[in-house]
Amino acid sequence: MAEPWRRLPALSLKQIQYFVTLASLRHFTDTANQLAISQPALSSAIRHIETVLGGKVVHRTAQALTLTELGIAILPHAERLLNIAHSAFDDIQRIVVEGGDGTVKIGLVPSVSSLIFPAIPELIAEQFPTLRVEFHDRTNDGLLTGLESGALDFGIGALDSSVPGSLEIYPLLEDEFVAITRKDDPLAESQHIPWRMLVAHHIALFSKGNISRMVASMAETHRLPLKAYYHVDFLETLYGLVRSKLAVAILPRLYTTTLCDPELVVLTLQQPQMNRSIALMRAAQSSSTPLVDECFKLVLARLRDGVTK
């Protein structure tokens, strides 16, 4: 944490908001109207930003307004700063109105809910009774974006090549890929099957997140001509395709935690065995409050203890 007396750049949050809004609308008049300020005031704020940073952030012509290389480079950081500021102001306002210690925003990819509920919310409520907890469902890509931008305090997701280096990673477990088929399917004669046995079948996968990318990469590496005929958004749709004898579903095992259909069976996929790494993640340069940081440590310890058991 920086020393409280350390000199900060002479930029206000309003000036940063002006730049982010201008970068979105790409028009001075429209931006000034949306912000309810005069166009000269907007121009003055942008010039001040450029003076402090020592370079142009926008390039303006008669036909269009574009961001300079500097403007493009600083935009995500400006957006992250605004997200953090808005979140902090919301927490301050909530503390003033309701009393309490603010809010912790936890992001989750859908399949990890079994790791969280019901134990984690109960534990947080017991240890931090005045801390408000928000759980946000995200795809894995959306989770990473939320952590980077500061919209989420921490989250549980899967590791792959898209995870940015700006995140702290705390591995929890390896989640193996499985196939879901009907009980009367010949595949179900064995609890463990090689991937090559799926080549002759229509495959159903999730359309969002990194699961389809991982399966496609594995199939390409091992030269397996898998036929991904169906891409769906919801787990029940995936199971419905299997029940209808239209497809075999491929997904990580954590998704099957709540599967209670006696007509469907879970088969371990082998040759190769394929896993995704599940981890607790947060921004390395997190500006979270000490209480949120304590909440993170509590959740990490509880998750790791639960996984080992």
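Just so we're clear, the structure is a prediction, and the values are computed from it rather than from any experiment.
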request  = Look at the side chain of Ser212 and the backbone N and O of Ser207, then say whether any donor-acceptor pair between them is shorter than 3.5 Å.
outcome  = no
ask   = From Met197 CE over to Leu269 CG, what is the distance, rounded to the nearest 0.5 angstrom?
value = 10.5 Å
query = Got Pro252 and Val178 here, is their nearest side-chain heavy-atom distance under 4.5 Å?
reply = no
request  = To the nearest 0.5 Å, tell me how far Gln17 CD sits from Leu35 CG.
outcome  = 6.0 Å
key: Sequence-distant partners of His202, ring-ring contact (aromatic ring centres under 6.0 Å, His included), two or more places apart   = Tyr229
message = Any non-hydrogen side-chain atom of Val242 less than 4.5 Å from a side-chain atom of Val248?
response = no
query = Out of curiosity, Leu235 CG to Ser111 OG, how far, rounded to the nearest 0.5 Å?
reply = 9.5 Å
May I have the list of side-chain donor-acceptor pairs in residues 140-151 shorter than 3.5 Å, sequence neighbours left out?
unit_1: Asn140; atom_1: OD1; unit_2: Ala158; atom_2: N; d: 2.7
unit_1: Asn140; atom_1: ND2; unit_2: Ala158; atom_2: O; d: 2.9
unit_1: Asp141; atom_1: OD1; unit_2: Arg213; atom_2: NH2; d: 3.2
unit_1: Asp141; atom_1: OD2; unit_2: Arg213; atom_2: NH1; d: 3.2
unit_1: Thr145; atom_1: OG1; unit_2: Asp141; atom_2: O; d: 3.1
unit_1: Glu148; atom_1: OE2; unit_2: Ser166; atom_2: OG; d: 3.2
unit_1: Ser149; atom_1: OG; unit_2: Thr145; atom_2: O; d: 3.2
unit_1: Ser149; atom_1: OG; unit_2: Gly146; atom_2: O; d: 3.2
unit_1: Ser149; atom_1: OG; unit_2: Ala151; atom_2: N; d: 3.3

query = Atom CZ of Arg26 and atom OG1 of Thr21: how far apart are they, to the nearest 0.5 Å?
reply = 12.5 Å
message = Using a 3.5 Å distance criterion without hydrogens, assess whether the side chain of Asp185 forms a donor-acceptor pair with backbone atoms of Thr181.
response = no
inquiry  = Can a donor-acceptor pair be found, under 3.5 Å and without considering hydrogens, that links the side chain of Thr221 to the backbone of Ser217?
reply    = yes
inquiry  = Could you check whether any side-chain N or O of His222 sits under 3.5 Å from a backbone N or O of Leu224, counting only pairs where one atom can act as donor and the other as acceptor?
reply    = no
key: side-chain contact (heavy atoms from CB on, under 4.5 Å), paired with Phe177, selected from Met218, Met214, Arg253   = Met214
query = Does some side-chain heavy atom of Ile278 sit less than 4.5 Å from a side-chain heavy atom of Val112?
reply = yes
inquiry  = Using the rule given for side-chain contact (heavy atoms from CB on, under 4.5 Å), can you reason through Ile120 versus Arg302, listing the C-alpha separation, both sets of side-chain angles and the distance that settles it, and then say yes or no?
reply    = CA-CA 8 Å; Ile120 297 298; Arg302 178 62 180 81; 3.4 Å; yes
request  = Decide yes or no for Ile203 and Tyr230: does some side-chain heavy atom of the first lie under 4.5 Å from some side-chain heavy atom of the second?
outcome  = no
inquiry  = Could you check whether any side-chain heavy atom of Tyr18 comes within less than 4.5 Å of a side-chain heavy atom of Thr31, counting everything from C-beta outward?
reply    = no
Test item: Gln15 side-chain N/O and Ser12 main-chain N/O as donor-acceptor pair under 3.5 Å = yes
inquiry  = I'd like to know whether Val199 forms a side-chain contact (heavy atoms from CB on, under 4.5 Å) with Leu226, so could you lay out the CA-CA distance, the side-chain angles of the two residues, the decisive distance to 0.1 Å, and finally the verdict.
reply    = CA-CA 5 Å; Val199 169; Leu226 296 179; 4.2 Å; yes
key: Listed once per pair and sorted, the ring-ring contact (aromatic ring centres under 6.0 Å, His included) pairs that draw on residues 45-87, sequence neighbours left out   = none
Test log, rule salt bridge (charged side-chain N to carboxylate O under 4.0 Å, His left out), inputs Lys105 and Asp153 = CA-CA 5 Å; Lys105 300 180 179 67; Asp153 293 303; 5.3 Å; no
key: Residues in salt bridge (charged side-chain N to carboxylate O under 4.0 Å, His left out) contact with Arg243, at least two apart in sequence or another chain   = Glu236, Asp261
task = Apply salt bridge (charged side-chain N to carboxylate O under 4.0 Å, His left out) to the pair Glu263 and Lys183, showing each step before the final yes or no.
result = CA-CA 5 Å; Glu263 296 303 313; Lys183 188 177 182 180; 5.8 Å; no
remark   = In terms of heavy-atom contacts, Gln39 and Thr29 come closest through OE1-OG1, 3.0 Å
ask   = Can you tell if the side chain of Ile250 reaches within under 4.5 Å of the side chain of Trp195, non-hydrogen atoms only?
value = yes
Spacing of Arg276 atom CZ and Leu159 atom CG [to the nearest 0.5 Å] = 10.0 Å
query = To the nearest 0.5 Å, what is the distance between CG (Leu75) and CZ (Phe19)?
reply = 5.0 Å
key: Nearest heavy-atom neighbours spanning Val58 and Glu50   = N-OE2, 3.5 Å
task = Check ring-ring contact (aromatic ring centres under 6.0 Å, His included) between Tyr255 and all other residues, then give those that pass, not counting sequence neighbours.
result = Phe206
task = Could you pull out the closest heavy-atom pair between Ala204 and Leu241, with the gap in Å?
result = CB-CD1, 3.9 Å
task = With side-chain contact (heavy atoms from CB on, under 4.5 Å) as the test, would you mind laying out the steps for Glu134 and Ile106 before giving the verdict?
result = CA-CA 6 Å; Glu134 294 181 0; Ile106 304 174; over 6 Å; no
message = Using the rule given for side-chain contact (heavy atoms from CB on, under 4.5 Å), can you reason through Lys208 versus Asp233, listing the C-alpha separation, both sets of side-chain angles and the distance that settles it, and then say yes or no?
response = CA-CA 7 Å; Lys208 298 177 181 178; Asp233 291 338; 3.7 Å; yes
task = Would you check if Gln270 and Ile193 make a side-chain contact, meaning some heavy-atom pair closer than 4.5 Å?
result = no
key: Those residues that, when tested against Phe154, pass ring-ring contact (aromatic ring centres under 6.0 Å, His included) (two or more places apart)   = Phe296
query = Any side-chain donor paired with an acceptor under 3.5 Å for Arg182 and Ser244?
reply = no
inquiry  = Under 3.5 Å, is there a donor on one side chain and an acceptor on the other for Gln191 and Thr268?
reply    = no
key: Side chain to side chain, Leu238 and His231, heavy atoms closer than 4.5 Å   = no
